[in-house]
Structure formats: structure tokens, C-alpha cells
Amino acid sequence: NAGVTQTPKFQVLKTGQSMTLQCAQDMNHEYMSWYRQDPGMGLRLIHYSVGAGITDQGEVPNGYNVSRSTTEDFPLRLLSAAPSQTSVYFCASRDRGPANEKLFFGSGTQLSVL
Amino acid sequence: GENVEQHPSTLSVQEGDSAVIKCTYSDSASNYFPWYKQELGKRPQLIIDIRSNVGEKKDQRIAVTLNKTAKHFSLHITETQPEDSAVYFCAASRGSGTYKYIFGTGTRLKVLA
């Protein structure tokens, strides 16, 4: 199993550009989520999904869109990038059920918005 | 809103000493408390977790304690080693079915050889 795969690893955007961060998992996990990590701010939840076709907002959803058309994929879209979105983005997934609460993280995407 | 406070933000200890990191949560319905370790440039990984029906849990040199009344939980690392140097995050969740984890702001632990 590859686990949780994120692409790209690094990205530089200009203000106003759009892009999609990709996240895929091969563990058949129902739950997938996106976090951003900023210095001194910890990991903040952007959006999450509890299954195909179901998404919900986290703590900091503004400026980001998500969709979940398959169990495996959970892309994060920036429609009009802003410098405040410069951050490291992590995708995470977990299985359902009380015995499966461990989050599996991807390797991260470092995004810079100029 | 839900919040998890984590202290200290940085911690330096001598190799072999103990390290303690403390977290306080605001949501009284939280019942699952994991700790993640993130080495430099790597992804966070779960190192230990505790549920609200347990007061303490140990795994070799690491332990977690939970005080539900005070709404705080702590990570204890004994006999620290250089490879323990990392950023540690606590988190709180209402448990399965909610899928929402609120993370603390992280503690950078440095173990000095």
C-alpha cells in the first residue's frame, strides 16, 4: 500500500492563480481531510469528508473548495490564491469505527503564494 | 468554539531527562485524545492516544495522562533520546462518527546530547 499520496510536493503561485492539490489514498478509508500547518498555529482543519459525495467545512474553509467523487480521491482547490494561503498542506485519512481513529497523513505540499 | 491549548511551545531537555507537554481542551464532549509526532520535514505520525474512560496509558518511554474534570491531558517522555527531538501535537475529538480533530499549536522538543 502506498498509503496517502499528495501531489505536488512544492508549488509556487502568483496571487489570483488557481490550482488543485491532489490527495489519494489506497486504504479504502471513508474519512479524508485537509489541514494547513502554519508556524505557531498547529494543524488547522480546512475541509473534511466522511464518504463519497459528502463534504463539510472545518475551522478555516474560506478560499478553499473540495469535492469527493470517489472513495480514493479528495482534491483541494484554491480558486484565487492569496498570500495568506502560503502554508504547508497535509491530507489525512482514517477508517471508520471507534477502533480506527488513527489519522494517516500524506507527505505534505508546501505552497507559496507570491 | 472548540479549542485546544498546548504548552510549552518549545522545550529543551538534556538527554536522559524527562519531558512533559500539557494540553487543555474546551469541548467537554471530547473523548479521544491522540498525540502526534512530526520530525523535521516529515508527516505527523500517531505515537499514543487515550480515551476518556482511561486515566493513564503507557507505551515504553511515553505515557499520556488525562484529567477529565480539569479538561487537560499531558504527554510524558522519560529517558529522552536525541531521536525524540521533533514537534509534538496534541488533539481532541468527540470520537468516531464526528471525524473532527482539533489540534494544539505544537511543542518543539529539543533533546540536547
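To find a chain, count down the sequence lines: A is the first, B the second, and so on, and within it residues start at 1. Quick note: numbers below take in every heavy atom, side chains included, and nothing from hydrogens, waters or symmetry partners.
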(message) Taking side chain as everything from C-beta outward and backbone as N, CA, C, O, which of these in Gln6(B) sits under 4.5 Å from a heavy atom of chain A? Side chain, backbone, both or neither.
(response) neither
(message) Taking side chain as everything from C-beta outward and backbone as N, CA, C, O, which of these in Pro34(B) sits under 4.5 Å from a heavy atom of chain A? Side chain, backbone, both or neither.
(response) neither
Do [X] and [Y] sit in the same hydrophobic cluster, where Ile, Leu, Val, Met, Phe, Trp and Tyr count as joined when their side-chain heavy atoms come under 4.5 Å apart?
| X | Y | value |
| --- | --- | --- |
| Leu66(B) | Val54(B) | yes |
| Tyr64(A) | Met32(A) | yes |
| Phe89(B) | Leu11(B) | no |
| Ile46(A) | Tyr48(A) | no |

Quick one: pull up [atom1] in [X] and [atom2] in [Y] and give me the separation to the nearest 0.5 Å.
| X | Y | atom1 | atom2 | answer |
| --- | --- | --- | --- | --- |
| Glu59(A) | Asn3(B) | CD | CG | 8.5 Å |
| Lys100(B) | Tyr31(A) | NZ | OH | 9.5 Å |
| Phe104(A) | Arg43(B) | CZ | CZ | 11.0 Å |
| Leu103(A) | Leu46(B) | CG | CG | 8.0 Å |

(message) Need one label for Val4(A): side chain, backbone, both or neither, based on atoms under 4.5 Å from any heavy atom in chain B.
(response) backbone
(request) Would you check if Lys42(B) and Phe105(A) make a side-chain contact, meaning some heavy-atom pair closer than 4.5 Å? (result) no
(request) Of all the heavy-atom pairs spanning Lys102(A) and Tyr36(B), show the shortest one and how long it is. (result) C-OH, 3.9 Å
(request) Check Leu43(A) against Pro44(B) and note the closest heavy-atom contact, atom names and distance. (result) CD1-CG, 4.2 Å
(message) Counting heavy-atom pairs closer than 4.5 Å to chain B, which one of Pro39(A), Gly106(A), Gly108(A), Gly40(A) comes out on top?
(response) Gly106(A)
Enclosure of [X] [atom1] (heavy-atom neighbours >12, cutoff 6.0 Å):
| X | atom1 | answer |
| --- | --- | --- |
| Leu114(A) | CG | yes |
| Glu56(B) | CD | yes |
| Arg44(A) | CZ | yes |

(message) In this structure, is the centre-to-centre distance between the rings of Tyr35(A) and Tyr101(B) below 6.0 Å?
(response) no
(request) Any side-chain hydrogen bond (donor to acceptor under 3.5 Å, both in side chains) involving residues 57-73 of chain B? Give me the pairs, sequence neighbours left out, ordered by first then second residue. (result) Asp49(B)-Lys57(B), Arg61(B)-Asp84(B), Thr65(B)-His76(B)
